[in-house]
Amino acid sequence: MGLVRALRCPKCGKEPGSKVVFRCPSCGSILEVNVEVGHLTPSNLQEILQSRDRSIWRWFDFFPVERRASIVSLGEGSTPLIHATRLGERLNMARLYLKNDTVLPTGSLKDRSNSVGISKAKELGFTTATVMSTGNAAASVAAYAAAAGMESVVMVPLGTAPSKIIQARAYGARVVVVDGDFDNEVAQLYKTAIEEFGWYDCLSSNPYRDEGKKSYAYEMVDQLDGEVPDWVIHPTAGGTGIYATWKGFHEFRSLGWIQKLPRLVASQSEAAAPITYALMKGLADIEPEVAGPTVAESIQVGNPVSLGWRALAALRESNGTAVALSDEEILEAQSLTARLAGIFAEPAAATSVAAAKTLRATGVIGSEELVVCNLTGHGLKQPESIRFDNKEFVPIAPTLEALREQLQRAETGE
Ligand SMILES: Cc1ncc(COP(=O)(O)O)c(C=O)c1O
Ligand SMILES: [Zn+2]
């Protein structure tokens, strides 16, 4: 069973004593949940590894859910960790691995967190889950709420393209379009509505939800037969992924199940890189910025105000780094990952490969080091990111001669 300690403020240490208050009443910080794992032994690890459950729930003891009956799972977890030899050759990296989270149930890493978040909502007796999002989080919350038999409400700002929210709508979410700006009016209404209607808040500031991403650490250790990567590179917006991964590796080390910790890298778009800049400037906290336009839409966050500092601390403690990438570098990495490794990742996800390329080229990462790039979202989430020439699809007559001509044209780039 997951032995859950109280929600606790990581900044001032207060324990408000409620299971459903996510913010510290004294200092305003997001609270954190810590699960007691000290009683686990190597034989527990053996049992887990032999379990037939391939979802993240084989690590039940590490999650803040008290009863197995509360679990809402779509089989998320144990995503492939692929030794990308062709891509590695191109980047001069002998041990480049890709953690393929594009195959998660709704196509992004958010399923790791929402499986845990919605299971906890069920355990706490909520009937409606809500999130404010234009992308991966909305689809994931909607899917898990559907599986749990809960309602879901997704709030988006006016101007959001239907293609961005259609997946959430398909799972039955109530999509509410608000005439206002995301960080101000929409955020304000979102907060007020949660208080008014008693909905379950699925934003990244939900401390239960965040714990799900610790599964990255557990799965990597399992899939690498106990070896710990030298580097883990994670596409970063709010910073929950980096922080949770760090926490997961720490738990394993505290249990003596691993001896070392990886160095962590946050990969960001240069249009939205507050964590990278805070790290480079040696700041203790994030300086919020207004995010600019970028192809890496899913990580276009300029103000990770609630969690950024925890990610920053994790990067420093791990002796890691952060990289801000241009759209050109991101799209190149997306293309290399698809063509040399066979994985179609969305641009935000491909930032991890772009960062690996940069860090290898500058000698920060050595050619023999074990590097894991997390591919956190499917390319089909944003198919318009693939550029092509309409001429490629001009129909030909159904003859071999026309086909030969067409193939020749493609070769010569005519
Ligand atoms: C595709 C993708 N990658 C990575 C992230 C990382 O977010 P975080 O830094 O909050 O873990 C997100 C979340 O918005 C995402 O949608
Ligand atoms: Zn506090």
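Numbering starts at 1 and runs along the sequence shown. Ligands are counted one by one from 1 in listed order, and the atoms in each one are counted from 1 as well.
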Check whether [X] reaches the backbone of [Y] with its side chain - one donor and one acceptor, N or O, closer than 3.5 Å.
{"X": "Y208", "Y": "K19", "value": "yes"}
{"X": "E251", "Y": "V37", "value": "no"}
{"X": "Y171", "Y": "A145", "value": "no"}
{"X": "Q382", "Y": "V295", "value": "yes"}

Looking only at protein heavy atoms, which one is nearest to [atom], and how far off is it?
{"atom": "atom 3 (N) of ligand 1", "answer": "T376 OG1, 2.7 Å"}
{"atom": "atom 13 (C) of ligand 1", "answer": "K110 NZ, 2.8 Å"}
{"atom": "atom 5 (C) of ligand 1", "answer": "I299 CG2, 3.7 Å"}
{"atom": "atom 10 (O) of ligand 1", "answer": "T240 OG1, 3.1 Å"}
{"atom": "atom 15 (C) of ligand 1", "answer": "L109 CD2, 3.6 Å"}
{"atom": "atom 6 (C) of ligand 1", "answer": "P235 O, 3.3 Å"}
{"atom": "atom 11 (O) of ligand 1", "answer": "G241 N, 2.8 Å"}

Does ligand 1 have a heavy atom under 4.0 Å from the side chain of [X], from its backbone, from both, or from neither?
{"X": "N136", "value": "side chain"}
{"X": "V301", "value": "neither"}
{"X": "I242", "value": "neither"}

Is it the case that [X] and [Y] place a side-chain donor and acceptor less than 3.5 Å from each other?
{"X": "T376", "Y": "D101", "answer": "no"}
{"X": "N100", "Y": "T79", "answer": "no"}
{"X": "T240", "Y": "K213", "answer": "yes"}
{"X": "S215", "Y": "R112", "answer": "yes"}

Metal-centred angle, SG of C27 through the Zn ion (ligand 2) to SG of C9, rounded to 10 degrees: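 Answer comes to 100°, rounded to 10°.
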